[in-house]
Chemist: 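I am attaching a structure below and will ask some questions about it afterwards.
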Amino acid sequence: MFDIDLDQPKQIVSDVLSNHKITSVAFVGCGASMSELYPAKYFLANNTKTLNVQIFTANEFNYDTPAWLDEHTFVLTCSLGGGTPETVEANKTAKAAGALVVALTHVPGSALTKGVDHVIVHGFEANYAAKAEKVGYALAVALEILQQVEGYDHYDDMIEGFSKVFEVAENAAQSVGKVAEDWAQEHKDDECIYFIASGASEKVAYSTSMFLMMEMQWINSGNYNSGEFFHGPFELTDDKHNFVLFMADGKTRPMDARVLTFLQRFDARCLVIDAKDFGLSGAVPASVATYFNPIVHTAAMRVFAEHLADLRQHPLTKRRYMWKLEY
Ligand SMILES: N[C@@H]1[C@@H](O)[C@H](O)[C@@H](COP(=O)(O)O)O[C@@H]1O
């Protein structure tokens, strides 16, 4: 119920490598889809000793196409709805340069799936864990590239992690109901909320801020990496500003703990969403737990956002401009 099909990324990467030498990997998407490629990019860039690994918002890839894009580049494009024009165009940019393109989407047969080499379709609606399938498939593709190109000592640990993390994520989401409701009650009239995270979860803070808050709730928001907090934004710390800290259960946890200590020192209003509270590193091998944090953080945060939307009577689907105007 909570698994993704790991054979698919494995087979796709094997097919690609059977007749192409891969030296670069590009992850390309827009908005939440770009953010959800970030854990894969983070994992691969951190662990490869040979590959050039980059992530792009699609139009930057289209307008300022990297000089190294060629037939030795593996491009993973991603779009939930499969119709975002910039990302569909990125497929063409990549194919024109001779790159291998894999499209990751929720919608079979969508524009994103046309003219590419392989397609992966991920779930979304079934439950909270399913909303993290996109992150999971991208990470699985990154794992297979690493393993099949140069080998990875913790490959088996990652595979075991995939078999556990979606259940941890679903349980996390199911367990935060009362806390999420209380937080939403306290913050429903807030004018601004800041989101902080580190490591593989950095873009969970970014996407929560940019999309769940600014796009879907029209609440002003900012976001930053825990390491950057002490290099500017900590000047805002007091008992009036609001923060949400995604604490990692993994290598960068000391960075998040340092932020928490500072926030508490000045009585900041701070919600902590801690992957350790949900038992992440007890369930997945500790050697690789750090890379699975975004899946747990994303699932739990969704419940907080849903309660906020309910209390504010502002559905997460409400838009003024997006998909309504020409832009
Ligand atoms: N907030 C939405 C995101 O949720 C979405 O990911 C993105 C691109 O849409 P898609 O993922 O369908 O390409 O548009 C907006 O940014």
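The figures here come from the full heavy-atom set of this structure, side chains too, leaving out hydrogens, waters and symmetry mates. Ligands are counted one by one from 1 in listed order, and the atoms in each one are counted from 1 as well. Nothing here was measured: the structure is a model prediction, and the numbers come from that model.
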Chemist: What do you reckon, is NZ of Lys95 surrounded by more than 12 foreign heavy atoms closer than 6.0 Å?
Modeler: yes
Chemist: Kindly identify the option in Ser110, Cys30, Ser33 whose heavy atom sits closest to atom 8 (C) of ligand 1.
Modeler: Cys30
Chemist: Under 4.0 Å from atom 14 (O) of ligand 1, can you find at least one protein heavy atom?
Modeler: no
Chemist: Which ligand 1 atoms does Gly31 reach within 4.0 Å, using its non-hydrogen atoms?
Modeler: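 Per the distance check, 16 (O).
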Chemist: Is any N or O atom of Gly81, backbone or side chain, closer than 3.5 Å to an N or O atom of ligand 1?
Modeler: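 N/O-N/O distance below 3.5 Å exists for this pair.
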Chemist: Polar contacts were defined as any N/O atom of the residue lying under 3.5 Å from an N/O atom of the ligand; does this apply to Thr87 and ligand 1?
Modeler: no
Chemist: Do the side chains of Glu150 and Lys49 get close enough for a salt bridge, i.e. N-O under 4.0 angstrom?
Modeler: no
Chemist: Less than 4.0 Å between a side-chain N and a carboxylate O, is that true for Asp274 and Arg253?
Modeler: yes
Chemist: Give a yes or no on whether Glu60 atom CD has more than 12 heavy-atom contacts from other residues, nucleotides or ligands under 6.0 Å away.
Modeler: no
Chemist: Is it possible for you to say whether Leu308 and Ile273 belong to one hydrophobic cluster, with membership spreading through side-chain heavy-atom contacts below 4.5 Å?
Modeler: yes
Chemist: Quick one: which ligand 1 atoms are inside 4.0 Å of a heavy atom on Leu80?
Modeler: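 By the 4.0 Å cutoff, the relevant atoms are 10 (P), 11 (O), 12 (O), 13 (O).
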Chemist: If the threshold is 4.0 Å, N to carboxylate O, is there a salt bridge linking Arg269 and Glu186?
Modeler: yes
Chemist: Please report the C-alpha distance between Glu144 and Lys10 in whole Å, then the side-chain angles of each, then the deciding distance to 0.1 Å, and finally whether the salt bridge (charged side-chain N to carboxylate O under 4.0 Å, His left out) criterion is met.
Modeler: CA-CA 6 Å; Glu144 287 302 333; Lys10 186 175 187 169; 5.4 Å; no
Chemist: Answer with yes or no whether the hydrophobic clustering places Ile196 together with Tyr38; edges join I, L, V, M, F, W, Y residues whose side-chain heavy atoms lie under 4.5 Å apart.
Modeler: no
Chemist: Any atoms of ligand 1 less than 4.0 Å from a non-hydrogen atom of Thr84? List them with their elements.
Modeler: 8 (C), 9 (O), 10 (P), 12 (O), 13 (O)
Chemist: What residue and heavy atom of the protein are closest to atom 1 (N) of ligand 1, and at what distance?
Modeler: Glu215 OE1, 2.2 Å
Chemist: What protein heavy atom sits nearest atom 5 (C) of ligand 1, and how far away is it?
Modeler: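 Here the nearest protein heavy atom works out to Ala32 N, 3.9 Å.
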Chemist: Is Lys134 in polar range of ligand 1, meaning some N or O pair under 3.5 Å apart?
Modeler: no
Chemist: Please indicate whether any nitrogen or oxygen in Met322 is less than 3.5 Å from any nitrogen or oxygen in ligand 1.
Modeler: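 N/O-N/O distance under 3.5 Å: no.
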